[in-house]
Amino acid sequence: MARRTRTLSRLALAPAAALAALIGFAAAPAQAAAWSSSDQWGTYNTSDGYTLYNNIWGSGAGSQSIWANSSSDWGVWADHPDTGGIKSYPNAKKVVDKPLTSLSSLTSTYNVTVPSSGAYNTSYDIWDSDYDYEVMLWVNHTGAVGPLGSAQGTVTLGGHTWTVYKGDNGSNEVFSFLRTSDSASGTVDILPILKWIKDTKGWWGDETIGDVQFGYEITSSAGGLDFRTNSFGVSFS
């Protein structure tokens, strides 16, 4: 489960953070990025209405640096120890702020380059405006990671086939959709997935869709790994 920034507890970063930040910046593109940060909660607002977060929220985290030229050209260098538990969810966010029944479309495209080692998932994290419900769409994952809750079967929606899980983390309900095969690029028609949760399963009502986030939920990346977003965008009406 990816944590929303506003409710995160404080975490002391490793003493070597300054050195790791330099290494992280070296892993960024050859030309200096428009923005970069190794701050735990580093935040950047783009000119096209997206927000990027470094978002190191889990216990036992190592070092992480985020860079961005735009909402569709950004990446992360992360060196988190090979231990259990999610360490971070660096992401780009677009605010929708519309009731589900008022939406006529909600789609997103993605293209990523991710490492073959470590433990992580590349995922959308979609919240209602009150943060009572969380919908995760895993488009790929590697290593010892798994969703919260119990399996609910397999469904084809939004142009992809997913295995669905339903759980509760004590703060909000979580509906996780794991793509049945890994994908590095594609388009997701998100609206049919959200309507299926409401109309077919009855797991929520006419919620106001708040944030659509996309990023990397990282459990471990020992030695330092690169995660790159080559293109990304959210559109809705």
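Everything numeric here is computed off the predicted structure, so don't read it as measured data.
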Roughly how far, to the nearest 0.5 Å, is the [atom2] atom of [Y] from the [atom1] atom of [X]?
{"X": "S220", "Y": "D82", "atom1": "OG", "atom2": "CG", "answer": "4.5 Å"}
{"X": "L194", "Y": "T101", "atom1": "CG", "atom2": "OG1", "answer": "12.0 Å"}
{"X": "F175", "Y": "E134", "atom1": "CZ", "atom2": "CD", "answer": "10.0 Å"}
{"X": "N172", "Y": "D132", "atom1": "CG", "atom2": "CG", "answer": "7.5 Å"}

Do V212 and V95 sit in one hydrophobic cluster, given that two such residues count as connected whenever their side-chain heavy atoms are within less than 4.5 Å of each other, even indirectly?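 V212 and V95: separate clusters.
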Same cluster or not: V155 versus V188, using hydrophobic residues (I, L, V, M, F, W, Y) connected whenever any side-chain heavy atoms lie under 4.5 Å apart?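 In one cluster: yes.
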Any chance the side chains of [X] and [Y] put a donor and an acceptor closer than 3.5 Å?
{"X": "S70", "Y": "T46", "value": "no"}
{"X": "S231", "Y": "Y110", "value": "no"}
{"X": "K93", "Y": "Y50", "value": "no"}
{"X": "S235", "Y": "T107", "value": "yes"}
{"X": "W77", "Y": "D79", "value": "no"}
{"X": "S71", "Y": "D48", "value": "yes"}
{"X": "E217", "Y": "S123", "value": "no"}

Of all the heavy-atom pairs spanning [X] and [Y], show the shortest one and how long it is.
{"X": "P90", "Y": "W74", "value": "O-CH2, 3.8 Å"}
{"X": "W162", "Y": "R179", "value": "CE3-N, 3.3 Å"}
{"X": "K87", "Y": "T219", "value": "NZ-O, 2.7 Å"}
{"X": "W67", "Y": "R228", "value": "CZ2-NH1, 3.8 Å"}
{"X": "S88", "Y": "Q64", "value": "OG-OE1, 2.6 Å"}

Ring pair (Phe, Tyr, Trp, His ring centres under 6.0 Å) partners of Y44, counting only residues at least two apart: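 Listed in chain order: W35.
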Aromatic ring pairing H141/W138, orientation class (parallel under 30°, perpendicular over 60°, tilted between):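 Perpendicular: the ring planes of H141 and W138 meet at over 60°.
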Take T113 and N230, measure what side-chain contact (heavy atoms from CB on, under 4.5 Å) needs, and give me the verdict at the end. CA-CA 7 Å; T113 301; N230 305 310; 3.0 Å; yes
Check whether W203 forms a cation-pi arrangement with K166 (NZ or CZ under 6.0 Å from the six-membered ring centre, at most 45° off the ring normal).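 Output yes; distance and angle both within limits.
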Using side-chain contact (heavy atoms from CB on, under 4.5 Å) as the criterion, point out the one residue from L137, L106, V96 that pairs with I126.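 That would be L137.
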By salt bridge (charged side-chain N to carboxylate O under 4.0 Å, His left out) - contacts of E207 (at least two apart):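 Residues passing salt bridge (charged side-chain N to carboxylate O under 4.0 Å, His left out) with E207: none at all.
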For the rings on Y120 and F227, is their centre-to-centre separation under 6.0 Å?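 Between F227 and Y120, which both carry aromatic rings, the centre distance is below 6.0 Å.
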Side chain to side chain, N111 and T229, heavy atoms closer than 4.5 Å: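 With C-beta onward as the side chain, the pair stays apart.
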Could you tell me whether a side-chain N or O of D168 sits under 3.5 Å from a main-chain N or O of G170, the two making a donor and an acceptor?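 Looks like yes, one N/O pair under 3.5 Å.
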